[in-house]
Chemist: 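Got a structure here, written out as structure tokens. Questions coming.
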2 protein chains.
Amino acid sequence: MTEKAQKYSKKEQIVWKSIGIFRKQGYFKTSIADLSEACGIHKAHFYYYFKDKEHLLEECLTTVKKIFDKKIFILAYQEKPLKERLHEIEAAIKNIFLKYEGGCIMANSVLETAHYNPQFIPIIQSFFDAWMQALTHLYTEKYQPATALAKAEQAVQDIEGGIILMRLYKDDRFFLKALKRAKQVIY
Amino acid sequence: MTEKAQKYSKKEQIVWKSIGIFRKQGYFKTSIADLSEACGIHKAHFYYYFKDKEHLLEECLTTVKKIFDKKIFILAYQEKPLKERLHEIEAAIKNIFLKYEGGCIMANSVLETAHYNPQFIPIIQSFFDAWMQALTHLYTEKYQPATALAKAEQAVQDIEGGIILMRLYKDDRFFLKALKRAKQVIY
DNA sequence: GTCTATATGCGGATAGAC
DNA sequence: GTCTATCCGCATATAGAC
């Protein structure tokens, strides 16, 4: 009873905290001690919840994918005018990447783990698949499918590049201008 | 005499090898043992050439910056027709990123070291400054300076995002299409 | 579920012989 | 310049008491 009243389980809380820390510090540079301390649990107790660090990252990535599906990508498929959906999706993406520092954990994880831990690749691919599909869906209302897909790819690449430059120069504008361009594909 | 006949010093060779390994494996996941072994020197001997791992990465990044200045960005300022310069710079960038796996060491290093090792930020910034300046120079022949700069930023972001997706999907096309778009800004 | 203690190995770095 | 030996600290992970 009291357990169900809690919004998130302890395990979920660890995943949330870890997402934030991995994004800022990177995967390999983050120790179990860092994570445990931030979560207010003892180092050894971490292994009560997760088999190892890799399994934690996996849960982090699938969680992020679910959040984006549920909160952002879904906005593209609503029964609303095109421009409204486009505006909502832009606002949601802006919100999430400006709120937390460290950029995009999906892109970061590609670069850190592609060589040694290819098991994360499919999860990260599914994230970018869903993102590009959502934008393609929107752009298809004005362009041929092939053109819409190309513009969606360009938009995602532009935004991800913008996130890197935002972090490098500590300047939001690279990211914000990319978002604006993604919207201006339509109007 | 025999020393001067060698094209690269041992120290330079280590830097070259390390650039390739850092790019593929990442900075933190790469050990001194990895680097030494790949260079055919003994682990302890590494410290004869470099104070520590951070100083090695610094030399790697400044070396990459110099190479891009000398081999790529300079192409934008030649006494040649605009389209020719644009084509040469595209070919040079394509060449370098397709030849070696692991993507862009500059972008990778931002994500890995921005939080703990901000000392690398200025070097990486100077790299992207030079790249965007070269493209802005080209685009200014057809657009107003402010527009040219915005298009240069977009092109660089698009290409960097494309490099990430190229690695994620093991598919050159994301990167190649971004390069093509950077050229089509002009013609 | 939570803590103490600890095993174990690896990575960065140094000292010093040759 | 190159190698041997070694120190130290940290990080992952486990065993087991409470």
Side-chain angles (χ1 to χ4, degrees), chain A residues 1-61 108-109 112-113 115-117 119-120, chain B residues 1-61 108-109 112-113 115-117 119-120:
Chain A
M1 276 307 226
T2 50
E3 299 249 336
K4 285 206 170 180
Q6 288 191 314
K7 194 164 183 188
Y8 297 110
S9 70
K10 192 81 196 174
K11 185 171 177 177
E12 284 171 315
Q13 286 177 39
I14 296 173
V15 170
W16 290 119
K17 274 275 183 195
S18 300
I19 290 168
I21 295 172
F22 280 145
R23 198 177 41 224
K24 271 196 300 193
Q25 307 187 355
Y27 174 69
F28 290 116
K29 187 65 185 171
T30 299
S31 67
I32 308 293
D34 289 339
L35 300 169
S36 307
E37 197 177 339
C39 295
I41 63 170
H42 280 72
K43 210 175 90 176
H45 195 43
F46 170 88
Y47 294 92
Y48 171 75
Y49 294 109
F50 301 95
K51 186 177 175 289
D52 53 30
K53 201 176 153 189
E54 288 190 9
H55 282 77
L56 171 64
L57 180 59
E58 194 173 319
E59 287 224 28
C60 288
L61 294 177
N108 299 0
S109 296
E112 273 203 282
T113 70
H115 186 256
Y116 279 106
N117 312 83
Q119 72 266 36
F120 302 127
Chain B
M1 275 307 228
T2 51
E3 299 248 339
K4 282 205 171 182
Q6 289 192 311
K7 193 163 183 189
Y8 298 110
S9 69
K10 191 82 196 172
K11 185 171 177 176
E12 283 172 315
Q13 287 177 39
I14 296 174
V15 170
W16 289 118
K17 274 275 183 194
S18 301
I19 290 168
I21 296 173
F22 281 146
R23 199 179 39 224
K24 272 197 299 192
Q25 308 187 355
Y27 174 68
F28 290 115
K29 188 65 186 172
T30 299
S31 68
I32 307 295
D34 289 338
L35 300 169
S36 307
E37 198 177 338
C39 296
I41 62 169
H42 280 72
K43 208 176 96 175
H45 195 45
F46 170 89
Y47 294 94
Y48 171 75
Y49 295 108
F50 302 95
K51 186 177 174 289
D52 54 29
K53 202 177 156 190
E54 289 190 8
H55 281 77
L56 170 64
L57 180 60
E58 193 173 319
E59 288 223 27
C60 289
L61 295 177
N108 299 359
S109 297
E112 274 203 282
T113 69
H115 186 256
Y116 279 106
N117 311 82
Q119 72 266 35
F120 302 126

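First the proteins, then the strands, lettered A, B, ... as listed; each starts at 1.
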Chemist: So among A:K24, A:Q25, A:K29, which one has a side-chain hydrogen bond (donor to acceptor under 3.5 Å, both in side chains) with B:Y116?
Modeler: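 The side-chain hydrogen bond (donor to acceptor under 3.5 Å, both in side chains) with B:Y116 is passed solely by A:Q25 among A:K24, A:Q25, A:K29.
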Chemist: So, do A:L56 and A:Y49 sit near enough that their side-chain heavy atoms are less than 4.5 Å apart?
Modeler: no
Chemist: How does protein reach along nucleotides 12-18 of chain C, written 5' to 3' as B (base within reach of a heavy atom under 4.0 Å), S (only sugar-phosphate), or - (no contact)?
Modeler: BBB----
Chemist: Give the ring-plane orientation class for A:Y27 versus A:F120, where under 30° counts as parallel, over 60° as perpendicular and anything between as tilted.
Modeler: perpendicular
Chemist: Nearest 0.5 Å, please: how far is NZ in B:K17 from CD1 in B:I41?
Modeler: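 One finds 12.0 Å between CD1 of B:I41 and NZ of B:K17.
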Chemist: Would you kindly give the NE2-to-C1' distance between B:H42 and D:dT4, to the nearest whole Å?
Modeler: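 Rounding to the nearest Å, NE2 of B:H42 and C1' of D:dT4 are 9 Å apart.
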Chemist: Could you check whether any side-chain heavy atom of B:K11 comes within less than 4.5 Å of a side-chain heavy atom of B:E59, counting everything from C-beta outward?
Modeler: yes
Chemist: Figure out the NZ/P separation between A:K29 and D:dC10, and round it to whole Å.
Modeler: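 Distance check: A:K29 NZ to D:dC10 P gives 11 Å.
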Chemist: Taking OP1 and OP2 of C:dG1, is either one under 4.0 Å from a side-chain nitrogen or oxygen of A:H45?
Modeler: no
Chemist: For C:dT2 and A:Y49 - does any side-chain N or O of the residue sit under 4.0 Å from the phosphate oxygens OP1/OP2?
Modeler: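 Checking A:Y49 against C:dT2: at least one side-chain N or O falls below 4.0 Å of OP1 or OP2.
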Chemist: State, with a plain yes or no, whether a side-chain heavy atom of B:F50 is found less than 4.5 Å away from one of B:V15.
Modeler: yes
